[in-house]
J.: 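To start, I am sharing the structure in question, which I have written as structure tokens.
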Amino acid sequence: MQRLAKTNIMKQGFTLIEVIAVIIIIGILSAIVWNRHNSTAAQLYTQTDVLKGHIRYAQTMAMNRTDGPLGSVNVWGIKCDGTNYWLFRGTNPDTLGNIFLLPDDSTYADVNRKLTLSRKGITMTAFTVFFDEQGIPYSAYISPANAGNKAITTAQVITTSSGSDSRTVTITPLTGFVP
């Protein structure tokens, strides 16, 4: 009887189980990256829609609030300095006494009632928009019937962004409509 000698053959390549394990790991990592990207995009869309609501709110306040001091100008607006944005009343948006807390956004507000963009996870171009009692948007407003008032004559575009995604908000001249 002849004994057969066992030969050691070196394995080359990967087994089917190893290939499947690598594919599963890549799939899990891809799902995490995709979910994180969608989460950022969803936050940007949400915060941009919140900004639209805040601009509409400022216009509504200008058209409907009449509880200010007698003879005062009923002007409301939103200002963004690139770091924060806030609701203001009157012709000076930077005076602390003119700044009001926007509704339903107190979690993002600092001690001066300004909403911090980094807390919202977005960046935004700087802008200021005033609304008079007729709801007309202005880029500058001094007093009624003043030649220094600058009504918005072309669409004012505000860009919000988060990561590589961005969205725009447009304020329509004369009407202040925000689509």
Side-chain angles (χ1 to χ4, degrees), residues 38 40-110 112-179:
N38 282 347
T40 303
Q43 184 175 3
L44 174 64
Y45 275 64
T46 301
Q47 293 304 331
T48 301
D49 286 343
V50 167
L51 172 64
K52 288 178 181 182
H54 287 160
I55 292 169
R56 292 176 186 129
Y57 180 77
Q59 184 182 32
T60 301
M61 294 295 282
M63 294 170 64
N64 294 319
R65 285 289 290 267
T66 57
D67 60 351
L70 189 61
S72 68
V73 178
N74 196 37
V75 174
W76 288 78
I78 300 282
K79 180 172 181 175
C80 176
D81 62 8
T83 305
N84 303 295
Y85 80 93
W86 59 94
L87 172 70
F88 64 88
R89 180 180 194 170
T91 57
N92 188 348
D94 298 316
T95 301
L96 188 58
N98 293 345
I99 298 173
F100 291 82
L101 188 61
L102 283 156
D104 300 327
D105 244 356
S106 59
T107 55
Y108 303 110
D110 65 11
N112 296 324
R113 299 179 293 277
K114 296 179 179 180
L115 303 182
T116 306
L117 295 174
S118 61
R119 288 184 189 171
K120 288 179 157 273
I122 61 170
T123 59
M124 190 182 309
T125 54
F127 72 94
T128 304
V129 62
F130 298 81
F131 292 100
D132 68 7
E133 63 279 347
Q134 296 174 354
I136 298 171
Y138 293 82
S139 59
Y141 196 93
I142 299 168
S143 65
N146 190 305
N149 296 343
K150 294 181 183 171
I152 294 175
T153 56
T154 59
Q156 183 170 1
V157 178
I158 303 159
T159 303
T160 59
S161 57
S162 178
S164 62
D165 296 325
S166 65
R167 292 199 66 207
T168 59
V169 175
T170 304
I171 302 173
T172 307
L174 300 175
T175 64
F177 175 66
V178 179

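Remember, it's a predicted structure, so these values are computed and weren't measured experimentally.
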J.: How long is the span from the CZ atom in Arg119 to the OH atom in Tyr108, to the nearest 0.5 Å?
T.: 10.5 Å

J.: Side chains of Leu117 and Cys80, heavy atoms from C-beta outward: is any pair under 4.5 Å?
T.: yes

J.: Please check: side-chain N/O of Asn74 versus main-chain N/O of Ala62, any donor-acceptor pairing under 3.5 Å?
T.: yes

J.: Do Asn112 and Leu96 have side chains that approach each other closer than 4.5 Å (heavy atoms only, starting at C-beta)?
T.: yes

J.: Say you draw a straight line from OG1 of Thr107 to CG of Leu115; how long is it, rounded to the nearest 0.5 Å?
T.: 8.5 Å

J.: Less than 4.5 Å apart, any side-chain heavy atom of Thr128 and any of Phe88?
T.: yes

J.: Measuring from atom CD1 of Ile55 to atom CG of Leu87, what distance do you get when rounded to the nearest 0.5 angstrom?
T.: 11.5 Å

J.: Mind checking side-chain contact (heavy atoms from CB on, under 4.5 Å) for Met61 and listing every partner two or more places apart, or none if nothing turns up?
T.: Tyr57, Arg65, Trp76

J.: Mind checking what makes side-chain contact (heavy atoms from CB on, under 4.5 Å) contact with Asn64, not counting sequence neighbours?
T.: Thr60

J.: I'd like a table of donor-acceptor pairs (distance under 3.5 Å, sequence neighbours excluded) in which one partner is a side-chain atom from residues 150-160, with atom names and distances.
T.:
from   : atom 1 : to     : atom 2 : distance (Å)
Thr160 : OG1    : Thr48  : OG1    : 2.6
Thr160 : OG1    : Arg167 : O      : 3.4

J.: Measure the spacing between CG of Asn92 and CD1 of Ile142 and express it to the nearest 0.5 Å.
T.: 11.5 Å

J.: Using every non-hydrogen atom in the two residues, find where Gln47 and Ile122 come nearest and quote the distance to one decimal.
T.: CB-CD1, 3.8 Å

J.: I need the minimum non-hydrogen distance between Ser143 and Asn149, along with the two atoms involved.
T.: O-ND2, 2.6 Å

J.: Give me the atom names and distance for the closest heavy-atom approach of Ser162 to Gly121.
T.: OG-O, 3.1 Å

J.: Only counting residues at least two apart or in another chain, list the ones meeting ring-ring contact (aromatic ring centres under 6.0 Å, His included) with Phe131.
T.: none

J.: For Thr91, check side chain to side chain donor-acceptor pair (under 3.5 Å) against everything at least two apart and list the hits.
T.: none

J.: Of all residues at least two apart in sequence or in a different chain, which pass the salt bridge (charged side-chain N to carboxylate O under 4.0 Å, His left out) check with Lys79?
T.: Asp94

J.: For Asn84, which residues count as a side chain to side chain donor-acceptor pair (under 3.5 Å) partner, sequence neighbours excluded?
T.: Thr116

J.: Measuring from atom CE of Met124 to atom OG1 of Thr83, what distance do you get when rounded to the nearest 0.5 angstrom?
T.: 11.0 Å

J.: Which heavy-atom pair separates Phe100 from Arg89 by the least distance, and what is that distance?
T.: CE1-CB, 3.5 Å

J.: Mind checking whether Val50 and His54 have side chains closer than 4.5 Å, heavy atoms only?
T.: yes

J.: From Leu51 CG over to Phe127 CZ, what is the distance, rounded to the nearest 0.5 angstrom?
T.: 5.0 Å

J.: Using the test side-chain contact (heavy atoms from CB on, under 4.5 Å), find all partners of Ile136 that sit at least two apart in sequence or belong to another chain.
T.: Asp132, Gln134, Tyr138

J.: Report all side-chain donor-acceptor pairs from residues 169-179 shorter than 3.5 Å, counting only partners two or more places apart or in another chain.
T.:
from   : atom 1 : to     : atom 2 : distance (Å)
Thr172 : OG1    : Phe177 : O      : 2.9
Thr175 : OG1    : Phe177 : N      : 3.2

J.: Tell me, please, which residues at least two apart from Thr168 pass side chain to side chain donor-acceptor pair (under 3.5 Å).
T.: none

J.: Who passes side chain to side chain donor-acceptor pair (under 3.5 Å) against Tyr141, sequence neighbours left out?
T.: none

J.: If you compare all heavy atoms of Arg113 against all heavy atoms of Ile99, which two are closest, and at what distance to 0.1 Å?
T.: NE-O, 2.8 Å

